[in-house]
Amino acid sequence: MPNMVHNHQIDDNANAVVIRVSNVTQQYLSGSFTAVDNISLELRKNEIVTFIGPSGCGKTTVLRMIAGLEYPTQGELFAYEQPIVGPGPDRGMIFQAYTSFPWLTTRQNIEYGMKIMGVTRNDRQTRTQEFLELVHLENFAESYPASLSGGMKQRVAIARTLAQNPQVLLMDEPFGALDAQVRWEMQEMMIDIIGREKTTVITVTHDIQEAIFLADRIIFFTRNPGRIKADIPVAFKGGKRIPRKEDMLALPGYVDLEMQLFAMMREEIQ
Amino acid sequence: MPNSEEKIDKQNALTNLTGTLRQRKSSFFELRGNVSRRATLVLGILGGLAFFGIWELGHFLTADASKRFLPSPQKVVSTFWYLLTEKGYIYDIVKSCYRIYGSFFLVCVVAVPLGILMGCFAKFRALINPTISASRYLPAASFIPLLLVWFGPTDTQKMALLFLGVIFFLIALILDNTKAVQIELVEAALTMGAGRRRVVLGVVVPAVAPAIIDSMRNMIAVGWTYLVIAEIVAATDGIGAVMMRAGRFLKVDIIMAGILTIGILGVLTDLAFRLLAHYAFPWNRERRS
């Protein structure tokens, strides 16, 4: 894709830090509620990181600050060592709510982000077709979101965001509103797509199994105030991403990690 | 155990039976029940016929000497036709339509951008909204003397009254419509790199458009109710003026024909807005949530 030039020069080094969160605090209600308390973390290139934790632990707040949709009360956030000053297409975001534009067809929705970036018509059309196939929506290209199911709407949003070729993909409980079987399909589809697109990913979830399936690394948040409780590499997958969920469940080490996370969640409940 | 199986079979037959029965004989007062297209038409016509029946009955029961104060439906319809063919009533209708649609067009020109901007920008809202909210409580009719002094007994005066009667409500409605646009649509556009201008014109405007057409449809109905007030004072033409003149000579049939005219025009206007919404927003036709 010759026309999709990014403003940011990325260090080609595989270990380059893509996102850096540095001593960030976020307070609401003029200081009386601390959502995020002095958090620091680093995200390396091509990593898939999952933020997990109980409701109100600040995981979504951190994600939104990385997206540039919120500014911290204290501390700083960097993308590719540049301060984050606002939202941009280099950090694509998928929301839990369906955000495909209802007045645009699937095809027009996927094209929309590229249009904003000024991608030429020809490149846009080719790439839209590619992504329609990637998310299996070829047969719904001319449908409006109103006639799509929840899972399909979410696939439109994913295709629209990835078609912009973001450096980082931010997902805020992207499958939270879907039923169990669709959720499973979507998780496997994400592993497939992320593998092809080589994107760095942060996904927020409170589903432990989803966290383990998607992540290379799990960051566990605690609440009141929102802090990082643990930073856990998903070592049992041996640095690989497993395309089928049941294959992952069969691996030795899976249950141990699941129980560890359940135990941490239990502490949060009590 | 064959016995129990038989029992289950019987039970199934029974539930099937009651199921079909229930389907066939749904109660008239079924909560949130469905109505077929045909039933809608039939029920609508029945309701209309009942209305005219009661009217006719009222006319029939009125003493002969007073019958002119409650003319029959046929009399009103024939008076309507007489006005159209012999009295140049069409001119009054066109005049009233001009006042309504002209003033409402101006209302929209002001209210749509103002409402959308207020919905998008909190500081702009804080600047304008208190004044506009308060203005809704000013009775439009009380402006008549002022408008007469300013504009005299002109079309401008009548249109200004219609304008004032509707605009503050329409702005408030459009503000609410705009604020109700899903915030995630705006945030999604921002994360895709859309600028402020694109977010407002490319996301908020298309997202809010169907709701705005709906608000317009509701507010022009209010405009029709103000028409008679506007045309009662210092008017020589228009539907309201014709009715006012008829009142002076106790010609109840003409007054009622006027009411009928306004009713018909109101329904037609409503229909026009519905059709506009249907064809302008094909994506909004069937919601599947």
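Note that the coordinates shown come from a computational prediction; the quantities given were computed from them, not determined experimentally. Chain A is the first sequence line, chain B the second, and so forth, proteins listed ahead of strands; every chain is numbered from 1.
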Honestly, the part of A:T161 sitting under 4.5 Å from a heavy atom of chain B is neither
Look at B:D214 together with B:R217 and state whether they make a salt bridge at an N to O cut-off of under 4.0 Å.
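Between B:R217 and B:D214 there is a salt bridge, with a charged N closer than 4.0 Å to a carboxylate O.
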Ion pair A:D172/A:R64, N-O distance below 4.0 Å:
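Between A:R64 and A:D172 there is no salt bridge, as every charged N stays at least 4.0 Å from the carboxylate O atoms.
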Looking at A:T105, A:T99, A:L170, A:I116, which makes the most heavy-atom pairs under 4.5 Å with chain B?
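Highest number of heavy-atom pairs under 4.5 Å: A:I116.
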Please verify the inter-ring angle class for A:Y112 with A:F101; under 30° counts as parallel, over 60° as perpendicular, anything in between as tilted.
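Perpendicular.
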Part of B:A209 within contact of chain A (heavy atom distance under 4.5 Å):
neither
Side chain, backbone, both or neither of B:Q182 within contact of chain A (heavy atoms, under 4.5 Å):
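It is the side chain, since no backbone atom gets that close.
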Can you tell me which residue among A:I94, A:V204, A:L63, A:T50 is in a side chain to side chain contact (heavy atoms under 4.5 Å, CB included) with A:M171?
A:I94
